[in-house]
Amino acid sequence: MLRGDMANGIGVIPMQIMPDGPADNAGFSTDWSDSSVITAIDGQKVSASILGSHSMQSVLQGIPLGKTVTVKFLDGSSTKVHLNLTQNEAAKADYDDLPDPGTDDDTDINFGVDGYNIGQKHNNKEIGLVITAIDSDGSVGGTDLAEGDVICRIDGYYVGTTADVDKILYNYSEGDTVTVDYVTADGHLKSTDVDLTD
């Protein structure tokens, strides 16, 4: 599966799942919820996709092919997964391109957030814009979003920087509503609808 690092090292979320692969056969989901975020495999903590001793890649490299392991999720649930696919075989799978809003970032929408990128990358996407300030007159003012939350997606487009937000919002107009997927400051996945204003 294609996977992304979640904010603050809380785990790894599936972004796309290979049909008939181990994750698909075990019923993994790309839904934006705590029940999708992988936090441990075979009793070993997972906090990132690729880098570090607690990365999914590092953990999987120490497990023999053909073994069935227990995968735990952020909501406390778990499932069994039969690891019967090599990394080379998985690399040959075809995945759809992740949604890309384009390159134009000239928008009149006042989204109303300032922040910084958490610096995690996957599939050439930097995932996560930490909110450092909210403009009460902007679109986000009055929503559930708060300073310290990490915006990860807007209407399915992955967010890493304020420039990404501008590119996405170029495709929308005042009065439109977008769904913002985010990680709360205390480490849970949530979504909220934001009515756009200029």
TODO: Using a 4.5 Å cut-off on heavy atoms from C-beta on, say whether the side chain of Phe111 contacts that of Val140.
DONE: yes
TODO: For Leu85 and Ala90, work out which heavy atoms get closest and say how close.
DONE: CD2-CB, 3.8 Å
- [ ] To the nearest 0.5 Å, tell me how far Leu189 CG sits from Ile10 CD1.
- [x] 5.5 Å
TODO: Drop me the distance from His82's NE2 to Asn25's CG, to the nearest 0.5 angstrom.
DONE: 10.0 Å
Open item on the list: What's the separation between atom CG in Asp181 and atom OG in Ser191, rounded to the nearest 0.5 Å?
Closed with: 3.5 Å
Task: Distance, nearest 0.5 Å, that separates CD1 of Ile151 from OG1 of Thr162 - done: 10.0 Å
Open item on the list: So if I apply the side chain to side chain contact (heavy atoms under 4.5 Å, CB included) rule between Ser139 and each of Ile134, Asp195, Ile109, which one comes out positive?
Closed with: Ile109
TODO: Consider only side-chain N and O atoms of Asp186 and Thr184, and report whether a donor and an acceptor are under 3.5 Å apart.
DONE: yes
TODO: Output the distance between atom NE2 (His54) and atom OG1 (Thr39), rounded to the nearest 0.5 Å.
DONE: 12.5 Å
Open item on the list: Using only atom types and a distance under 3.5 Å, with no angle test, would you say the side chain of Asn117 pairs donor to acceptor with the backbone of Gly160?
Closed with: yes
- [ ] Return yes if a side-chain donor-acceptor contact under 3.5 Å exists between Ser36 and Asp31, otherwise no.
- [x] no
Open item on the list: So that I can tick it off, tell me whether Lys190 and Asp149 are bridged by a salt bridge, with the cut-off set at under 4.0 angstrom between side-chain N and carboxylate O.
Closed with: no
Task: Residue that, paired with Tyr182, satisfies side chain to side chain contact (heavy atoms under 4.5 Å, CB included) out of Ile154, Leu129, Asp144 - done: Asp144
Task: Working for side chain to side chain contact (heavy atoms under 4.5 Å, CB included), residues Ile38 and Phe73 - done: CA-CA 5 Å; Ile38 300 164; Phe73 299 93; 3.8 Å; yes
Task: CA sep, side-chain torsions, deciding dist, call: Ser77, Asp75, side-chain hydrogen bond (donor to acceptor under 3.5 Å, both in side chains) - done: CA-CA 6 Å; Ser77 66; Asp75 69 347; 2.6 Å; yes
TODO: Mark yes when over 12 heavy atoms from residues, nucleotides or ligands other than Asn84 sit less than 6.0 Å from its CG; otherwise mark no.
DONE: yes
Task: Closest non-hydrogen atom pair between Ala26 and Val81, with its separation - done: CB-CG2, 3.7 Å
Task: Closest non-hydrogen atom pair, Asp198 against Glu174 - done: OD2-OE1, 3.1 Å
Open item on the list: I need the minimum non-hydrogen distance between Ile63 and Lys67, along with the two atoms involved.
Closed with: CG2-CD, 3.8 Å
- [ ] Applying side chain to side chain contact (heavy atoms under 4.5 Å, CB included), run through Ile168 and Val159 and close with a yes or a no.
- [x] CA-CA 9 Å; Ile168 294 165; Val159 171; 3.7 Å; yes
Task: From Ile131 atom CD1 to Leu145 atom CG, the distance as rounded to the nearest 0.5 Å - done: 4.5 Å
TODO: Output, in order, the C-alpha distance, side-chain angles, deciding distance and verdict of side chain to side chain contact (heavy atoms under 4.5 Å, CB included) for Gln57 and Arg3.
DONE: CA-CA 11 Å; Gln57 181 168 319; Arg3 55 196 189 260; 4.1 Å; yes
- [ ] Decide yes or no on side chain to side chain contact (heavy atoms under 4.5 Å, CB included) for Val183 and Cys152, but give the supporting numbers first.
- [x] CA-CA 7 Å; Val183 177; Cys152 297; 4.0 Å; yes
Task: Contact summary for Gly4 and Ser49, nearest pair of heavy atoms - done: C-OG, 3.8 Å
Open item on the list: Give me the atom names and distance for the closest heavy-atom approach of Lys167 to Pro101.
Closed with: O-CB, 3.8 Å
Open item on the list: Using modelled atom types and a 3.5 Å cut-off, is there a donor and acceptor pairing between side-chain atoms of Asp24 and backbone atoms of Ile17?
Closed with: no
Open item on the list: Quick check: do Lys80 and Thr70 have side-chain heavy atoms less than 4.5 Å from each other?
Closed with: yes
Open item on the list: Side chains of Asp164 and Tyr158, heavy atoms from C-beta outward: is any pair under 4.5 Å?
Closed with: no
